[in-house]
Amino acid sequence: MIIHLHLVRHGQTFYNRYNKLQGWSNSPLTESGLADADKAGERLSGMVFAAAYCSDTTRAMTTAERILDINEHNGNLRPELICDMHFREQFYGYFEGIDMSQAWYAAGGPHGVKTYNEIVDKYGLAATRDWLKDADPFHDAESDAEYWRRVEGAFTLIASNAALKDGDDVLQISHGNTLLSLGHRFGGNDLDLSERPANGSITDIDFDTTKPFDEALTIVSYGK
């Protein structure tokens with residue numbers, strides 16, 4: 001069964017504006033962030049969603065509700081919004097709410113690199129998670145294995161929805177680093193992965209629920 005997922009990055013938050021790491025922390029949407037959500041809602045206003053999912057963070061839920069408000073206003077049936085922790089952003093542990101440049105310097109410095117992009121370019125995306133966990137004095141930040149195990153659980157939750165049919169469209173509110181991670185893992189060489197998709201952008205993914213996770217996702221469009 002193929003499910004057409006429409007992943008929207010939540011609207012801009014104050015932590016986004018201040019360049020702070022924001023994983024499981026809650027930060028409200030800015031006025032610009034509310035506009036991001038509404039713009040995505042207008043772009044998706046003609047889409048009939050069979051289901052809708054988001055993380056249980058306020059930024060994701062606010063974005064989802066505004067998109068569904070617009071969608072319903074345009075005459076579409078409103079699906080129940082399912083909020084679940086498996087859809088959350090990467091957990092940054094001790095570094096939640098800290099300036100991004102400081103956090104990634106703490107993670108990469110011991111390995112001779114100073115920025116997130118330098119870590120990714122030289123050592124791969126997994127190192128950003130594993131090294132941040134190493135640098136976390138409490139070791140609460142998610143490792144690469146812990147992160148992907150949780151994210152896979154989100155797709156398992158969608159696949160287990162017995163009401164979904166082949167070809168259904170599903171709304172999923174996502175997060176910047178998660179979208180970037182999906183791009184690295186499932187995207188082709190032509191994807192520009194130098195930056196996270198913008199707030200309010202839409203990534204379309206076809207999800208084959210019959211395949212193992214490593215083979216299940218095909219990115220149709222990324223961060224548009």
Side-chain angles (χ1 to χ4, degrees), residues 5-25 27 29-30 32-33 35-37 39-40 43 55 57 59-60 63 87-93 95-135 141-145 147-148 150-151 154 172-207 214 217-224:
L5 301 177
H6 306 275
L7 284 74
V8 179
R9 186 183 176 193
H10 62 79
Q12 184 199 59
T13 68
F14 283 94
Y15 272 17
N16 291 149
R17 184 178 177 182
Y18 303 151
N19 200 40
K20 294 178 180 291
L21 280 185
Q22 178 182 221
W24 292 11
S25 302
S27 176
L29 298 189
T30 63
S32 178
D36 291 333
K39 183 177 179 180
R43 290 178 61 192
S55 71
T57 55
R59 62 190 184 276
T63 300
F87 295 94
R88 290 179 189 174
E89 178 62 289
Q90 175 181 339
F91 183 46
Y92 300 109
F95 295 99
E96 292 272 332
I98 289 180
D99 183 86
M100 285 188 181
S101 60
Q102 294 176 355
W104 296 122
Y105 183 83
H111 305 274
V113 284
K114 300 178 181 180
T115 69
Y116 181 88
N117 285 340
E118 285 180 354
I119 298 172
V120 173
D121 289 345
K122 292 186 178 182
Y123 298 98
L125 194 63
T128 65
R129 285 185 265 271
D130 291 338
W131 291 356
L132 198 70
K133 186 178 185 72
D134 290 342
E142 284 183 315
S143 68
D144 191 63
Y147 170 79
W148 281 115
R150 180 175 56 76
V151 169
Q172 182 180 334
I173 308 305
S174 193
H175 298 268
N177 199 55
T178 291
L179 289 166
L180 183 64
S181 298
L182 291 171
H184 273 274
R185 184 164 179 173
F186 296 101
N189 294 329
D190 57 337
L191 286 186
D192 180 5
L193 300 172
S194 60
E195 294 183 4
R196 293 166 179 78
N199 295 104
S201 64
I202 302 171
T203 294
D204 296 321
I205 294 179
D206 284 348
F207 175 29
D214 278 344
L217 304 184
T218 301
I219 296 180
V220 178
S221 67
Y222 179 75
K224 302 299 184 182

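Within the 4.5 Å cutoff, the side chain of T30 has no heavy atoms near those of the Y15 side chain. You'll find the side chain of E89 stays beyond 4.5 Å of the side chain of H10, heavy atoms only. Residues Y147 and S181 have side chains in contact (heavy-atom distance under 4.5 Å, counting atoms from C-beta outward). In this structure, R150 and R88 have side chains that are in contact, with non-hydrogen atoms separated by less than 4.5 Å. Looking at W104 and T128, their side chains come closer than 4.5 Å, going by heavy atoms from C-beta outward. Here the side chains of F91 and E96 are in contact, with some heavy-atom distance below 4.5 Å. Looking at heavy atoms from C-beta onward, I98 lies out of side-chain contact with Y92 at the 4.5 angstrom threshold. Under the 4.5 Å side-chain criterion, counting only non-hydrogen atoms from C-beta, D144 is in contact with D130.
Defined by atom type and a distance below 3.5 Å, a donor-acceptor pair is missing between the side-chain atoms of T115 and N117.
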Item checked: Criterion side chain to side chain contact (heavy atoms under 4.5 Å, CB included) on Q172 and L7, from CA distance to verdict -> CA-CA 5 Å; Q172 182 180 334; L7 284 74; 3.9 Å; yes
Next item on the list: Show your working on side chain to side chain contact (heavy atoms under 4.5 Å, CB included) between R17 and Q12 and close with a plain yes or no.
Entry: CA-CA 7 Å; R17 184 178 177 182; Q12 184 199 59; 4.1 Å; yes
Next item on the list: Carefully, step by step, assess H175 and R59 under the rule side chain to side chain contact (heavy atoms under 4.5 Å, CB included).
Entry: CA-CA 9 Å; H175 298 268; R59 62 190 184 276; 3.3 Å; yes
Check: How far apart are the C-alpha atoms of H111 and K122, what are their side-chain angles, what is the distance that settles it, and do they pass the side chain to side chain contact (heavy atoms under 4.5 Å, CB included) test?
Finding: CA-CA 10 Å; H111 305 274; K122 292 186 178 182; over 6 Å; no
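Of all non-hydrogen atoms in I219 and L182, the two that sit nearest each other are CD1-O, 3.7 Å. Scanning both residues, L132 and A103, for their nearest heavy atoms gives CD1-O, 3.7 Å. Contact between A40 and V8 at its shortest, heavy atoms only, is CB-CG1, 3.8 Å. Between S174 and L179, the shortest heavy-atom distance links the atoms OG-CG, 3.8 Å.
For OH of Y123, the number of neighbouring non-hydrogen atoms (other residues, nucleotides, ligands) closer than 6.0 Å is greater than 12.
Aromatic ring orientation, F186 versus W148: perpendicular (interplanar angle above 60°, classes split at 30° and 60°).
Between S27 and the choices T57, N16, T13, the side-chain contact (heavy atoms from CB on, under 4.5 Å) rule is met once, by T13.
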